[in-house]
There are 2 protein chains.
Amino acid sequence: MTDTVPRPTLEAVAARAGVSRATVSRVVNGSDGVREPLAERVRRAVDELGYVPNQAARSLVTKRHDAIAVIVAEPETRVFADPFFARQLRGISKELTAHDNQLVLLLTEDRDDHARVGRYLAGGHVDGALVFSLHIDDPLPQLIQRAGLPTVYGGRPDWNGGQGGVAYVDSDNRGGARDAVRHLLGLGRERVAHITGALDQTAAVDRLDGFRDVMGGADPLLVAEGDFTPGGGERAMRLLLERCPSLDAVFAANDLMAAGALRVLREHGRRVPDDVAVVGFDDMLPIAEQTDPPLTTVRQDIEEMGRLMARRLLNDGAEPDGLILPTMLVRRASA
Amino acid sequence: MTDTVPRPTLEAVAARAGVSRATVSRVVNGSDGVREPLAERVRRAVDELGYVPNQAARSLVTKRHDAIAVIVAEPETRVFADPFFARQLRGISKELTAHDNQLVLLLTEDRDDHARVGRYLAGGHVDGALVFSLHIDDPLPQLIQRAGLPTVYGGRPDWNGGQGGVAYVDSDNRGGARDAVRHLLGLGRERVAHITGALDQTAAVDRLDGFRDVMGGADPLLVAEGDFTPGGGERAMRLLLERCPSLDAVFAANDLMAAGALRVLREHGRRVPDDVAVVGFDDMLPIAEQTDPPLTTVRQDIEEMGRLMARRLLNDGAEPDGLILPTMLVRRASA
DNA sequence: GTGAAAGCGCTAACAT
DNA sequence: ATGTTAGCGCTTTCAC
């Protein structure tokens, strides 16, 4: 790494402005109590020297870092196959930026990474953590709790978080699923099937619960387990068609699977929505708009979710409980 | 932000091990020259206390941060509509992790952000920068150069970078485009059209150049400008169909536009590939595999690109020149 | 080989 | 209102 020219220090600015370091520090940090003529002199010196505070030195004494870690635990490539991740990141980034915080991204794929992340968090580089994509039984939360950092989870964790519970932000997966199924029922459909997501993620479980809320004790053969991938959606759709050829509607736990289902339906000569109506979940563009026919789906505001996670963390609004964002049914041609 | 328990310091470890701080420091940093019995005592003390070095204190003296900034300049939402971004990030993350470096993500959308980023880089928080998604005339490179940080660009920048040139990693856009067009010609197609990307990005320009390398002075009406979005692909395809109803092949500068073109073609009753053969660029899954018919396209290894960028930066292999990665034609059903 | 001591650049009491 | 001073926790000469 090429050496960078030594940057001016507080001392240098103080000398140039003919004041003490403390005064410069006050001006730089916007602390009041420096009279105008002086403050102005300092500001000029700062400009002339191109002074920028050394963050390491500052952190050393303040014990703050103005940085938070975003941890995405995703061993599979799933995250990278959809824009979800990028959207949340963007929401987070916006909020963090507004509060002058930096975003340190920690991507983890396997156990080794977990240890590394644990060490990093314990190392006191960041003021808090935002955590995503947890699967049931993920060891990460324990590591994080041990590090004793304020943390907000993205998506309802599967464990209660002990005494105080845990701070998280999630979409109203269950309510959204109910809306989807009710919409199908409202269309006059009678045999509504469901393709679940990977059931080791709470989002999948919650959407399944929503489906059941409305369908009650419907034929269990109308539920097929998927995994949130297009391939999984295809397999599940084939299975459903085999088990219940008479089905007239499908609610898939995400758009990717709905797209897969659409293909299988076409392959089997079923017209959508005439023969079978299809609803997805996410409103993930460009998927939802590009399917044939365009997908009716449940929209969740991913970016807002990211923003709110960051906001809670920064406000120490990280009160240990869940914040649930509303979803919205978006009608297109598939149902 | 809840206060975190004070963590043990070097001093504490030294006391517990009955040695000096200097010795502990040596052991912790793997410096040789500490005899075995002692070293072991220190290691035990570290474990027992759960000591983790304070990075701020360390940086203060070493002036290194073991962190690099990844800057994604993307005012539009394009990045977020495709998995490109996430893939590159993943490659970078892997490489960085292997070298015990952290990834600080800087997302920028507008001019204000640029100033912020400039300040951040100048602030000496990171040891280097990786920069993406530049558009022609982007002011960012200047800011970065002024900060004097080692930098590697993702994708060929449009400016020479002055004296020494500039370090970057890019796919062989031009060569890939040539392969695509030759493939079409090899299929016996005679009127090959091209839908370009946003021509303020070098990737789009290079792909267009590749097209022209092969097609020579073909009818200029066979080239329509797109913008890398599906909508842009649709518009361009309509235009092309209008101008040259006899076209029998299309090379789109990315898969998203190819998908749009496919829809328009179908809408106009042209069969693919029988009437019109279509080739995309990127091999962006799940897009390329999910279109109807699945897309023949030019694959670029995005993750590898990210990895190499990081590697060059860390090795100070940031020699000021370009590294071009090969592309590969992937045949599916559309051509 | 090991320890003592001098800072790195900054903030925050405490004086004045 | 401004300056003086004592560290923050670590690495790194320099003695021993």
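Atom set for the values below is all heavy atoms of this structure, side chains included, hydrogens, waters and symmetry mates excluded. Every chain is numbered from 1 and lettered A, B, ... according to where its sequence line falls, protein lines coming before strand lines.
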**OP:** Measure from the side-chain N and O atoms of T151(B) to the backbone N and O of L149(B), and report whether any donor-acceptor pair falls under 3.5 Å.
**Re:** yes
Original post:
For R43(B), which residues count as a salt bridge (charged side-chain N to carboxylate O under 4.0 Å, His left out) partner, sequence neighbours excluded?
Top reply: E36(B), E40(B)
Original post:
So, are D47(B) and R44(B) salt-bridged, with charged N and O less than 4.0 Å apart?
Top reply: no
Original post:
Which nucleotide of DNA chain C is the first, and which the last, in the 5' to 3' direction, to come under 4.0 Å of a heavy atom belonging to chain B?
Top reply: dG1(C) to dG9(C)
Original post:
Is there side-chain contact between Q102(B) and L106(A), with at least one heavy-atom pair below 4.5 Å?
Top reply: yes
Original post:
For the helix from dG1(C)-dC16(D) to dT16(C)-dA1(D), what is the angle between the axes at its two ends, each from 5 pairs, rounded to 10°?
Top reply: 40°
Original post:
Could R21(A) and E11(A) be called an ion pair, given the rule that one side-chain N must be under 4.0 Å from one carboxylate O?
Top reply: yes
**OP:** Could you name each residue pair satisfying salt bridge (charged side-chain N to carboxylate O under 4.0 Å, His left out) that touches residues 50-69 of chain A, not counting sequence neighbours?
**Re:** R64(A)-D66(A)
Original post:
Do T9(A) and N54(A) touch side chain to side chain, with heavy atoms closer than 4.5 Å?
Top reply: no
Subject >> Residue pair L314(A) / D127(A), side-chain heavy-atom distance below 4.5 Å >> reply: no
**OP:** Start with the C-alpha distance between D113(B) and K94(A), add both sets of side-chain angles, then the distance that settles salt bridge (charged side-chain N to carboxylate O under 4.0 Å, His left out), and finish with yes or no.
**Re:** CA-CA 10 Å; D113(B) 286 346; K94(A) 276 189 177 164; over 6 Å; no
Original post:
Which residues satisfy the ring-ring contact (aromatic ring centres under 6.0 Å, His included) test with Y153(B), sequence neighbours excluded?
Top reply: W159(B)
**OP:** Heavy atoms under 4.0 Å is the rule here; annotate nucleotides 8-16 of chain D 5' to 3' with B where the base is hit, S where only the sugar-phosphate is, and - elsewhere.
**Re:** BBBBBB---
